[in-house]
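Scroll down for the structure; my scribbles are underneath it.
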Amino acid sequence: MCLGIPGQIVAITAPERMMAMAEVSGVRREVNVACVADGPLEALIGEWVLIHVGFAMSRIDPEEAEKTLIALHELGEVAEATGQMAEADRALAQ
Amino acid sequence: MKYATEFRDPAAAKTLLARIAHVADTLGASREAPIPIMEICGGHTHSIFRYGLDKLVHEGIEFVHGPGCPVCVLPRARVDEAIQLATRPEVIFTTFGDAMRVPGASQSLLQAKAAGADVRMVYSPLDALELARRNPEREVVFFGIGFETTTPSTALAIQQAAREGLTNFSVFCNHITVPEPLKAILDDPFMNLAGFIGPGHVSMVIGTHPYDFIARDYHKPVVVAGFEPLDILQSVLMLLTQIAEQRAGVENQYARVVPENGNPVSIAAMADVYEKRPSFEWRGLGEIDSSGLRIRPAYRAFDAEEKFGIGYAGIRAEIADPEGCACGQVMIGHLKPTQCPHFGKGCTPETPLGALMVSSEGACAAYWQYGGARAAAE
């Protein structure tokens with residue numbers, strides 16, 4: 001829960017709610033970008049961010065993203081995060 | 001050697017370990033008289049055990065596992081209150097998966113769900129918001145737990161709910177803050193810590209200045225650290241160097257993610273939605289002044305405690321920790337997990353008695369999962 005997971009912003013989905021689509025380790029997930037936006041939201045497309053519980057909290061460079069993903073894989077945190085995203089999708093569909 | 005296969009940059013790890021050993025020797029640190037360093041964050045605890053850093057560093061360095069695991073410090077009374085909310089027929093109770101297995105006085109949320117309560121695991125408070133939009137006839141309650149890393153997310157979710165005029169969404173707020181329990185630990189007369197590894201992602205939100213008091217008033221060094229093993233080793237070296245040079249400052253090893261002043265949007269959202277409670281209960285540590293957050297009156301409509309008259313807004317039940325449970329002593333570094341009478345007997349990750357056994361970020365679960373630290377092997 002406390003360790004963020006790197007994701008890449010691929011599209012802006014709902015600018016009025018500061019929502020964007022991020023690709024996180026092969027999974028697509030809508031995230032809030034309010035904490036990392038400092039200009040037009042479109043400028044975020046292609047950027048890597050550190051995502052905590054559905055919120056992009058920090059911009060990171062691609063190298064940092066890769067290093068962090070490797071470390072999180074080894075801690076089992078990537079599987080945990082993507083598992084929680086899938087679980088949440090089921091909770092919403094219920 | 002283990003690090004030769006596990007570290008992506010074994011040469012760098014080897015160099016850091018040698019430099020740590022050199023400074024530790026200079027300081028006269030030994031197994032009998034170690035230098036105790038507290039890693040505050042449960043993420044660091046997990047990483048230290050995963051990579052066996054406690055076994056790789058000089059034997060005169062002792063890692064003391066701090067209180068930075070939010071589900072570990074959630075008191076039984078709050079779990080019970082969460083279950084009370086979850087069992088109301090109109091409520092959809094939403095929570096992070098981590099909190100599902102935390103034992104209350106008689107049940108966990110997982111057991112309440114099995115018994116019929118509508119408890120749903122979500123990834124984000126935004127999922128709870130979406131559930132509220134889709135289920136206008138139900139009351140959706142989100143179990144807000146966590147330190148400053150997750151607090152902005154519930155603050156922003158509440159602001160969004162207010163903008164949309166949602167009337168069926170509320171947060172059961174259990175957010176806590178990092179600096180206050182550190183002050184409580186530093187004020188403990190038996191405190192013998194030599195320095196602190198500061199949390200990385202909490203500091204990404206709040207910056208490094210909230211730790212200034214530790215250096216200024218208590219003359220202990222703090223190094224904010226990343227989560228990779230090399231980050232942690234680098235931070236240990238930075239702490240030892242400060243100690244050897246008789247300095248006490250706040251240093252930032254994780255500057256690539258942690259800005260000195262934190263994240264301004266997050267800080268503004270937290271300040272808008274939350275205010276400090278006079279005190280808040282921590283499992284194992286008791287009530288700590290100003291250590292918890294509550295929802296400001298302006299957002300009262302989104303406060304589950306106010307809405308349903310429970311918790312600090314209702315009559316609070318006094319629920320002691322289980323008999324003999326040493327979580328509190330472990331968390332302030334007085335005992336090792338293996339010194340608890342319940343460790344591995346009445347308390348295992350499958351049937352946790354104390355909260356430190358629940359989460360992979362808890363010291364006891366980490367000891368259990370990774371076969372124990374140096375102390376356990378003795």
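To find a chain, count down the sequence lines: A is the first, B the second, and so on, and within it residues start at 1.
The two residues B:Arg134 and A:Leu92 make their nearest non-hydrogen contact at NH1-O, 3.2 Å.
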- Task: Any chance you could lay out the side-chain contact (heavy atoms from CB on, under 4.5 Å) test for A:Arg90 and B:Arg120, step after step, and finish with the verdict?
- Result: CA-CA 9 Å; A:Arg90 284 194 288 277; B:Arg120 301 192 200 180; over 6 Å; no
- Message: Test side-chain contact (heavy atoms from CB on, under 4.5 Å) on A:Ile60 and B:Arg256; report intermediate values, then the result.
- Response: CA-CA 8 Å; A:Ile60 51 177; B:Arg256 58 191 198 270; over 6 Å; no
- Message: Under the criterion salt bridge (charged side-chain N to carboxylate O under 4.0 Å, His left out), I'd like the reasoning laid out for B:Asp127 against A:Arg29: C-alpha separation, chi angles, the key distance, then a yes or no.
- Response: CA-CA 11 Å; B:Asp127 299 330; A:Arg29 171 82 198 184; 2.4 Å; yes
- Starting from the C-alpha separation in whole Å, work towards a yes-or-no answer on side-chain contact (heavy atoms from CB on, under 4.5 Å) for B:Ser153 and A:His52. CA-CA 8 Å; B:Ser153 68; A:His52 284 258; over 6 Å; no
- Item | Audit row: A:Phe55, B:Leu126, side-chain contact (heavy atoms from CB on, under 4.5 Å) steps and yes/no | CA-CA 9 Å; A:Phe55 289 78; B:Leu126 297 175; 3.7 Å; yes
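Both the backbone and the side chain of B:Glu130 come within contact range of chain A, judged by heavy atoms closer than 4.5 Å. Only the side chain of A:Met19 comes within contact range of chain B, judged by heavy atoms closer than 4.5 Å. Contacts between A:Gln94 and chain B at a heavy-atom distance below 4.5 Å involve backbone atoms as well as side-chain atoms. For a residue to count as touching a neighbouring chain, one of its non-hydrogen atoms must lie under 4.5 Å from one of that chain's; by this rule A:Glu87 touches chain B with backbone and side chain alike. Contacts of B:Val202 with chain A are absent, with no heavy-atom separation under 4.5 Å from either backbone or side chain. A:Asn32 touches chain B through backbone and side chain together, each having a heavy atom under 4.5 Å away. Contact annotation for A:Leu50: only side-chain heavy atoms (C-beta onward) come within less than 4.5 Å of a heavy atom of chain B.
Considering only heavy atoms from C-beta on, B:Glu228 comes within 4.5 Å of A:Lys67 through its side chain. In this structure the side chain of A:Gln84 never reaches within 4.5 angstrom of the side chain of B:Met121, judged on heavy atoms. Considering only heavy atoms from C-beta on, B:Glu164 comes within 4.5 Å of A:Arg17 through its side chain. Using a 4.5 Å cut-off on side-chain heavy atoms (C-beta onward), B:Val265 and A:Met18 make no contact.
A search for ring-ring contact (aromatic ring centres under 6.0 Å, His included) contacts involving B:Tyr123 returns nothing, not counting sequence neighbours.
In terms of heavy-atom pairs under 4.5 angstrom with chain B, the leader among A:Gly76, A:Cys35, A:Ser58 is A:Cys35. Among B:Asn263, B:Val258, B:Val122, the residue making the largest number of heavy-atom pairs under 4.5 Å with chain A is B:Asn263.
A:Leu75 CG to B:Phe49 CZ: the interatomic distance, rounded to the nearest 0.5 Å, is 13.0 Å. Rounding to the nearest 0.5 angstrom, the gap separating the CG atom in A:Leu3 from the NE2 atom in B:His46 is 8.5 Å. Interatomic distance, CD of A:Glu77 versus CZ of B:Arg50, reported as 11.5 Å (0.5 Å rounding).
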Pairs under 3.5 angstrom only: tabulate donor-acceptor contacts from the side chains of residues 42-49 of chain A to other protein residues two or more places apart or in another chain.
none

